Amino acid sequence: MKGSIVLTLIVSVVCPVAHMARVFVYGTLKKGQPNYFRMENTSHGQAEFLTRARTVEPYPLVIATKYNIPFLLNRPGTGQRVLGEIYRVDQKMLDFLDRFEGCPERYQRTEIKLEVQDGDDGGENTPKPGSIEEAFVYSKHEPEWPLNQTYESYDAYGDHGLTYVLPEDRSPE
Ligand SMILES: *[C@@H]1O[C@H](CO)[C@@H](O)[C@H](O)[C@H]1NC(C)=O
Ligand SMILES: *[C@@H]1O[C@H](CO)[C@@H](O)[C@H](O)[C@H]1NC(C)=O
């Protein structure tokens with residue numbers, strides 16, 4: 001009982017609630033990547049692509065573990081300014097992503113500053129290229145990993161040959 005209250009408290013701090021939120025994805029959830037289909041599945045909620053963006057600060061984006069999972073390490077100042085995509089998501093999708101990403105054990109969700117690349121031209125709510133936006137990001141607060149190689153832009157099918165493997169504890173849906 002006590003433990004579950006403490007866990008709820010920890011989860012609410014590390015995975016904050018938001019009604020309509022922005023999420024920056026840089027790995028397997030990007031368009032064309034192995035988990036993108038989950039963003040399109042409306043039984044998980046709504047996700048609307050807003051724009052491509054680049055982190056304002058450099059971060060180490062590494063491919064790690066035996067599953068070759070991309071992780072942005074929460075160590076600003078090292079690595080490269082990472083490219084990814086910003087989505088507007090509803091609470092249902094955010095809850096799904098928290099579960100899928102294993103927040104707060106595997107990844108922690110925090111806010112990050114991003115520079116908008118090419119906006120999805122048109123809509124009033126589309127961020128302007130060059131503007132600075134904030135969004136949630138699933139990153140890893142894990143200071144001890146060696147930085148063998150960092151990437152500017154993740155591609156599961158890139159010539160690094162590190163084929164992404166869906167971990168057993170991640171739902172195939
Ligand atoms: C969408 O998600 C639901 C719930 O997890 C699942 O039952 C369904 O198979 C998924 N559809 C696709 C196309 O992945
Ligand atoms: C770095 O290389 C070592 C040895 O090959 C490997 O075990 C480890 O997973 C790698 N770490 C990262 C972050 O790529």
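Sequential numbering from 1 along the given sequence is applied to the chain's residues. Counting starts at 1 for both ligands and their atoms, following the listed order. What you are looking at is a predicted structure, and each value in this text was computed from that prediction instead of being measured.
Although no hydrogens or angles enter the test, the distance criterion places no donor-acceptor pair under 3.5 Å between the side chain of Asn74 and the main chain of Lys140. Without hydrogens or angle criteria, Gln91 side chain to Met20 main chain gives no donor-acceptor distance under 3.5 Å.
Nearest protein neighbour of atom 7 (O) of ligand 1, counting heavy atoms only, is Glu173 OE1, 3.4 Å. In terms of protein heavy-atom proximity, atom 1 (C) of ligand 1 is closest to Asn41 ND2, 1.5 Å. The closest protein non-hydrogen atom to atom 3 (C) of ligand 1 is Ser43 OG, 3.4 Å.
Ring centroid separation for the pair Tyr26 and Tyr154 does not come in under the 6.0 Å cut-off.
Heavy atoms of His44 found under 4.0 angstrom from ligand 1 belong exclusively to the side chain.
For the salt bridge (charged side-chain N to carboxylate O under 4.0 Å, His left out) test with Arg81, the passing option among Glu115, Glu152, Glu57 is Glu115; the others fail.
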